[in-house]
Amino acid sequence: MNLSATPDGNTENKSRLDYDAIIIGAGVAGLYQLYCLRKLGLKVRTFEAGSGVGGTWYWNRYPGARFDSESWTYGYSFSQELLDEWDWKENFSSQPENERYLNFVADKFELREHIQFNSTVVSAHYHDGAHSWEVTLDNGSRYVARFLITAIGILSAPTMPTIPGISSFKGESFHTYHWPKKEVDFSGKRVGIIGTGATAVQAVQEIAKNVGHLSIFQRNPNWCAPLKNSEISEEEMCSIRSRYSEIFARCRETPGCYIHSADPRKTLETPPDQRLEFWEELYESPGFGIWQGNFVDMLTDREANRAASDFIASKIRQRVNDPVVAEKLIPKNHGFGTRRVPLETQYYEVFNQKNVELVDINETPIRTITTDGIRTSEREYECDIVIYATGFDAITGSFDRIDIRGIDGVKLKDVWHDGPQTYLGILVESFPNMLMAMGPHSGLGNYTRTAEYSVEWITGLIQYAGAHGLTRFTATNQGVKEWTDYVLGLGKDLLMNEIGSWMTGVNKNVKGKHAPRIMRYSGGHPAFRKHCDAIAAEGYSSLAWAGLPQDHGE
């Protein structure tokens with residue numbers, strides 16, 4: 001497949017292509033996208049901001065970082081050899097192992113030679129006359145390609161809090177996303193961590209094991225459930241390997257591509273004793289069962305959700321000795337499961353330690369970061385280390401940080417000012433030949449399972465273009481409007497879309513992102529695939545197509 005990539009260096013006003021395709025990001029989606037396009041015979045370059053592959057699993061090195069999907073459902077499914085060769089050590093694998101896995105994939109399929117590391121893309125501008133994208137890196141170098149694929153992740157734009165004095169602190173400090181590669185020693189140290197989201201939940205339970213004193217600054221508590229992790233023996237791994245086809249088939253059947261799916265019973269129609277027995281069973285089971293495998297109406301019926309929330313609240317009260325602290329750890333502004341549920345191992349028991357204190361910043365707000373620690377309206381907490389577990393400008397934030405311009409210089413950030421508008425979560429009107437692997441309004445869920453499908457659909461579209469001599473495709477205004485309206489309609493009845501969280505694009509550290517928006521396709525991944533497959537089967541006729549003018553000089 002030849003799309004006329006002929007590198008000619010970084011000259012002014014390029015009229016020829018350096019690459020057939022440029023991919024931004026070498027994480028889970030980016031690596032597989034590179035693999036697929038190389039299999040088509042395309043000349044591809046991936047630009048990665050980090051010094052290694054892995055995306056989420058390269059950057060997030062904080063203690064406790066690990067899968068919340070079962071390892072053997074999260075790994076790639078595209079290669080039987082890979083499935084045969086890799087042994088998962090834990091049912092919910094930790095960051096170091098996950099990073100090793102993705103490096104193993106990059107080496108096995110010889111992907112590394114096509115990746116340029118330590119290269120942050122600062123802009124991507126479309127040139128309609130040449131049907132091409134010009135990408136500029138942070139060092140000023142520029143490259144041109146026919147296709148631009150964004151594989152930049154949904155949680156890759158970390159945000160710092162808007163607290164005065166951050167730069168004045170004289171000890172160690174870092175956002176969890178930018179955790180140091182060297183080991184951080186907490187023994188005997190006074191540590192302050194700001195935030196109690198999923199990242200903080202994982203980090204706190206590890207840091208508390210040998211810290212001198214830990215102050216946890218909480219604005220909003222989260223509903224958490226037990227992870228119930230365990231090691232995988234050789235015999236168990238052999239069994240898993242023999243069942244991979246069954247496991248992946250199961251994932252394809254469920255709305256979120258997890259092994260869990262909702263129980264068909266309704267919460268309040270189930271006798272109370274049976275309901276309680278069911279919840280107890282879920283609470284003691286590994287993984288997302290209590291979130292993804294709960295009663296079918298738990299995320300749509302307010303009374304059903306209130307009953308589930310009351311059950312989880314009772315568990316928190318049982319596990320935390322101090323009733324005042326327990327009440328502070330029980331969310332009051334959202335119901336169970338309406339935000340992604342952090343999975344934990346002895347997180348609540350941490351608050352029973354004498355060297356751990358919970359600081360409610362609703363009662364005593366943080367005023368400033370000082371040279372010696374964190375000052376609230378009540379007092380100063382002296383710290384040797386300050387950790388910012390303050391989350392991400394999720395889903396669209398990583399796009400906002402790149403100057404992406406389409407036809408006539410229209411800025412993607414402006415187009416999405418009032419919320420994302422896409423076609424299938426993959427294409428955007430006025431941005432031809434730009435494809436988003438796992439973009440907003442796509443079918444999110446168990447990440448690798450959904451990313452593989454996104455990448456394969458993108459690959460099929462590019463293959464179709466090459467086979468038909470077409471060099472330009474774009475979403476139409478009608479297609480974008482219909483899809484966006486459809487996605488918004490699907491999400492209206494879900495309680496989670498009423499709640500401010502990263503899943504609804506809310507981040508109080510980012511101006512203008514304080515109100516929930518529907519950012520994801522909510523109809524379940526099987527329905528999403530069916531819709532996208534139908535469009536491919538009819539020859540992508542819903543897109544606007546063009547070939548490059550013959551006199552362009554390719």
Side-chain angles (χ1 to χ4, degrees), residues 68-70 73 91-92 196 198 201 220-230 250-251 253-321 323 325-349 351 445-446 490-499 501 503-504 520 522-527:
D68 51 17
S69 307
E70 289 77 4
T73 72
N91 280 295
F92 299 92
T196 51
V201 168
N220 290 312
N222 277 276
W223 297 103
C224 305
L227 177 67
K228 300 291 183 181
N229 190 26
S230 59
R250 171 63 176 161
C251 291
E253 295 171 355
T254 64
C257 295
Y258 301 101
I259 59 170
H260 316 281
S261 60
D263 187 288
R265 295 174 294 173
K266 290 189 174 181
T267 307
L268 302 180
E269 293 177 3
T270 305
D273 59 334
Q274 293 181 27
R275 192 164 66 221
L276 182 60
E277 182 181 3
F278 179 57
W279 282 337
E280 291 285 1
E281 180 183 341
L282 289 177
Y283 197 78
E284 294 302 320
S285 300
F288 273 145
I290 198 160
W291 181 39
Q292 293 288 309
N294 215 306
F295 292 111
V296 69
D297 59 349
M298 195 266 288
L299 295 176
T300 56
D301 184 279
R302 294 185 193 282
E303 290 302 316
N305 186 263
R306 186 174 293 112
S309 300
D310 288 345
F311 171 79
I312 302 297
S314 71
K315 291 296 184 182
I316 297 172
R317 294 185 182 106
Q318 290 171 21
R319 294 173 59 182
V320 179
N321 295 338
V325 174
E327 290 307 312
K328 290 181 183 296
L329 292 169
I330 296 172
K332 306 300 192 295
N333 64 352
H334 69 286
F336 177 73
T338 58
R339 291 178 175 171
R340 187 180 173 105
V341 177
L343 298 181
E344 48 81 23
T345 303
Q346 300 293 300
Y347 171 69
Y348 291 111
E349 285 71 16
F351 296 93
N446 190 352
L490 282 174
K492 282 183 179 177
D493 294 330
L494 285 176
L495 299 177
M496 64 176 58
N497 285 328
E498 300 175 0
I499 303 300
S501 74
M503 294 193 299
T504 53
R520 301 158 298 117
S522 304
H525 209 261

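Here the structure is a predicted model, which means the values were calculated and not measured. We count residues from 1, following the sequence as given.
Using a 4.0 Å cut-off between charged nitrogen and carboxylate oxygen, Glu498 and Lys492 do not count as a salt-bridge pair. Under the 4.0 Å criterion applied to side-chain N and carboxylate O atoms, Lys315 and Glu280 are assigned as salt-bridge partners. Residues Asp297 and Arg265 are not paired through a salt bridge, judged by the lack of any N-O separation under 4.0 Å between the basic side chain and the carboxylate. A salt bridge does not link Glu269 with Arg275: none of the charged nitrogens is closer than 4.0 Å to a carboxylate oxygen.
One N or O on the side chain of Thr196 and one on the backbone of Asn220 form a donor-acceptor pair closer than 3.5 Å. Side chain of Ser69 to main chain of Asn446: no donor-acceptor pair is present (N/O by atom type, distance under 3.5 Å, no hydrogens or angles). Checking side-chain atoms of Glu344 against main-chain N and O of Tyr347 turns up a donor-acceptor pair under 3.5 Å. Under a 3.5 Å cut-off, the side chain of Lys266 and the backbone N or O of Asp301 do not form any donor-acceptor pair.
Listed by chain and residue number, nothing satisfies the ring-ring contact (aromatic ring centres under 6.0 Å, His included) test with Tyr348 (two or more places apart in sequence, or in another chain).
Under the 30°/60° scheme for interplanar angles, the aromatic rings of Trp223 and His334 are found to stand perpendicular. The aromatic rings of Phe288 and Tyr258 sit perpendicular, their planes meeting at an angle over 60°, well past the 30° parallel limit.
In this structure, the side chains of Asn321 and Phe351 stay at 4.5 Å or more apart for every pair of heavy atoms. With a 4.5 Å cut-off on side-chain heavy atoms, Thr254 and His260 do not count as touching. The shortest side-chain heavy-atom distance between Asp68 and Trp291 does not fall under the 4.5 Å cut-off. Between Leu494 and Thr300 there is a side-chain heavy-atom pair separated by less than 4.5 Å. Phe336 has its side chain out of reach of Phe311: every pair of non-hydrogen atoms, C-beta onward, lies at least 4.5 Å apart. A heavy-atom distance below 4.5 Å is not found between the side chains of Met496 and Arg339. For the pair Pro264/Val296, no side-chain contact is recorded, criterion being any heavy-atom separation below 4.5 Å from C-beta on. Side-chain contact between Ser522 and Asn497 is present, with heavy atoms from C-beta onward closer than 4.5 Å.
Here the rule is side-chain contact (heavy atoms from CB on, under 4.5 Å) with Arg317, and of Ile312, Ile330, Leu329 only Ile330 fits it.
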